[in-house]
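What follows is a short report on a single structure.
Letters A, B, ... mirror the listed sequences (proteins, then strands); counts begin at 1. Hydrogens, waters and symmetry mates are skipped; everything else that's a heavy atom, side chains included, is used.
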Amino acid sequence: MNSMTESYDDTADGGRGRGAALLRNNTLWTLAVLVVLFLFFAVLKPAEFATTFNIRGVLTESAILLVLAVGMTYVIVTAGIDLSVGSILVFSGVVAAKTMVALGGTTAGWGGILLGALAGVGCGLGWGIVNGLLVAKAKVPPLIATLGTLGVSLGLAQVITNGSDVNRIPAKLSNVIGFGLVAGVPWLVVIAGLIAVLFGLLLALSRFGRHTYAIGSNAEASRRVGIKVDRHLIKVYALSGLLSGVAGVLSLAHYSTTTIASHTSDNLGAIAAVVIGGASLFGGVGGIGGTVIGVLIPGVLRNGLIILGAQRFWLDVAVGAVLVVAVYFDQLRRRARERE
Amino acid sequence: MTDPLLEARGVTKRFGHVQALRGAAFTAHPGEVVALIGDNGAGKSTLVKTLSGALRPDAGEILLDGRPVEFAGPVDAQRRGIETVYQDLALAHDLDAAANLFLGREITRFPPLRLLDRGAMRRRAAEAFDELGIRLPDMSAPVRQLSGGQRQCVAVARAVAWASKVVFMDEPTAALGVVQREQVLDLIRRVRDRGVTVILISHNMPEVLAVADRIEVLRLGRRVARLTAADTTVEELVSAMTGGLDQEDAA
Ligand SMILES: Nc1ncnc2c1ncn2[C@@H]1O[C@H](COP(=O)(O)OP(=O)(O)OP(=O)(O)O)[C@@H](O)[C@H]1O
Ligand SMILES: [Mg+2]
């Protein structure tokens with residue numbers, strides 16, 4: 001019954017299996033909500049909702065947020081928070097765009113695009129390292145440290161651009177990465193999916209991942225067994241910054257402009273996704289599998305409500321409500337488990 | 001008697017105005033249980049921290065196997081076979097027992113990626129728990145879900161699994177009920193029987209007499225008595241701690 005994820009241990013007794021099943025059920029339960037939500041809209045509006053075109057649209061809209069949420073999962077598992085992801089996305093997008101414009105603009109070739117992308121991702125990494133140093137070395141609480149870099153990076157992005165969006169993005173970038181399909185799947189979705197799989201496996205299966213959970217669970221205990229906690233935290237925030245940089249380049253490709261003003265709530269979107277996906281803001285608990293579902297639940301809800309003709313403003317109300325309900329039920333389940 | 005395994009001589013340590021250790025001495029032999037007792041603030045935890053690499057003494061000497069050593073930190077002491085069970089446990093509560101046992105010492109495969117070999121760690125953790133007679137209801141449950149005594153057992157098992165020479169336990173039974181306290185004391189005896197020296201800090205005198213082979217008494221940062229458990233009473237321990245008995249000359 002539990003042989004799917006517990007393939008490596010043959011000494012499994014009843015007790016062990018039960019605990020593992022409980023943990024698994026957390027993600028399973030969230031997945032069930034997603035499926036029910038999907039079926040609900042599919043039954044109500046089969047012609048509009050359950051089409052390849054629309055599903056592709058939902059996945060594309062969710063792809064960039066997923067990239068941010070993957071980094072956010074690592075940060076939240078360490079009991080931290082990263083409010084700066086949306087601003088770093090903008091900053092990285094601006095630097096990438098400026099570089100691409102300098103290297104040929106709309107007609108730039110793949111060489112220029114690659115250099116621009118690297119510049120953007122590099123900036124994201126740099127901001128992430130700044131966050132990491134502030135949190136791990138300067139001991140500024142993550143909430144404040146990343147609130148600071150949120151303001152500074154967005155401000156600097158506006159200084160660089162004089163506050164107006166950079167357009168003239170290479171056509172090849174938007175045509176292929178922004179709108180192109182591979183075997184019917186949008187490039188954006190493929191890239192975000194690969195990132196989720198890669199970093200999901202890293203978090204679940206590697207020593208790096210194990211130490212991430214350990215630090216979120218008990219940083220002092222981790223220090224005492226010789227884990228280099230400060231260095232690890234810097235790496236985790238650097239990863240979140242790096243992925244924000246990647247998201248910046250993807251956003252550039254998809255919107256063909258830097259969308260400076262449109263990312264103020266990306267941080268909340270990413271945090272909500274991670275929490276809906278079952279992570280604890282107290283650290284030590286969470287996973288990329290859950291985060292993927294946590295990105296898709298608001299995505300499907302938003303899309304379905306639009307198709308049902310709901311007024312735009314109601315979308316945020318619904319998504320906010322889902323977040324609170326998800327966390328509430330999670331608390332209930334946690335409490336029930338503790339009492340066991 | 002055998003040569004001492006771990007020894008402190010004339011160790012001093014000051015925190016601001018507080019002179020926590022004033023030339024403290026301590027001796028532990030291979031394969032014995034030594035209880036370190038003393039009033040609150042006598043300097044027990046401080047002494048243990050200097051002996052386990054968590055604190056650097058201001059002056060004095062620490063000898064391991066007869067040779068002077070200076071520990072660069074707790075991890076350095078761990079490398080030399082000295083482990084500590086801290087008063088506040090120091091487990092990662094969201095990880096399971098096996099993960100805690102191997103925390104910071106994970107078995108990994110594929111060097112560049114360092115993927116966890118969970119199977120090997122679970123098997124060896126199960127062996128380690130079996131060997132100490134620890135029964136956990138659920139090996140894959142986060143440690144958070146275990147009882148206080150079971151958690152203490154996990155912490156002790158971790159220290160024992162890695163200690164080749166010495167395990168320090170700072171009040172390991174302080175928060176435990178009667179049954180769980182017995183369980184931990186049993187564990188201490190089993191560890192001793194494997195040839196590992198256990199140094200136990202405790203305020204519970206009957207417990208000290210029940211489990212320790214020898215007792216060293218600390219008062220005001222100095223060792224004031226060394227007693228053999230077999231021919232000592234609770235009254236003698238109390239009088240040693242409070243100043244009625246002073247065997248050692250104030251060197
Ligand atoms: N980090 C520190 N900073 C300042 N003073 C300290 C520190 N650690 C210990 N002390 C002081 O040193 C003295 C000895 O403390 P220690 O913790 O070694 O006592 P103890 O024998 O373990 O007492 P207890 O039985 O209460 O645990 C105390 O007066 C304590 O206040
Ligand atoms: Mg103490």
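The 12-atom threshold is not exceeded at CZ of B/R124, counting heavy atoms of other residues, nucleotides or ligands nearer than 6.0 Å. Around CZ of B/R189, the count of heavy atoms belonging to other residues, nucleotides or ligands within 6.0 Å exceeds 12. No more than 12 heavy atoms of other residues, nucleotides or ligands shown are found within 6.0 angstrom of CH2 on A/W187. Other residues, nucleotides and ligands contribute more than 12 heavy atoms inside 6.0 Å of the CZ atom of B/R194.
A distance of 12.5 Å separates CG in A/L205 from OG1 in B/T108, rounded to the nearest 0.5 Å. Taken to the nearest 0.5 Å, the CD atom of B/E106 stands 9.5 Å off from the OG atom of A/S206.
Of the residues considered (A/R207, A/R223, A/E220), A/R207 shows the highest number of contacts with chain B, using heavy-atom pairs under 4.5 Å. Considering only heavy-atom pairs separated by less than 4.5 Å from chain B, the leading option among A/V225, A/L202, A/I227 is A/V225. Ranked by heavy-atom pairs under 4.5 Å with chain B, the list A/A219, A/A221, A/G283 is led by A/A221. Listed options B/D117, B/V75, B/L115 were ranked by heavy-atom pairs under 4.5 angstrom with chain A; first place goes to B/L115.
Of all heavy-atom pairs spanning B/A90 and A/R224, the tightest one is CB-NH1, 3.3 Å. The two residues B/L91 and A/N218 make their nearest non-hydrogen contact at O-ND2, 2.9 Å.
Within residues 192-200 of chain A, no residue has any heavy atom less than 4.5 Å from a heavy atom of chain B. Residues of residues 208-215 of chain A lying under 4.5 angstrom from chain B, judged on non-hydrogen atoms, are A/R210, A/H211, A/Y213, A/A214 in numerical order.
The contact between B/L103 and chain A is made by backbone and side chain atoms together, counting heavy-atom distances below 4.5 Å.
Inter-residue side-chain proximity for A/S217 and B/H93 is flagged as met; some heavy-atom pair is nearer than 4.5 Å.
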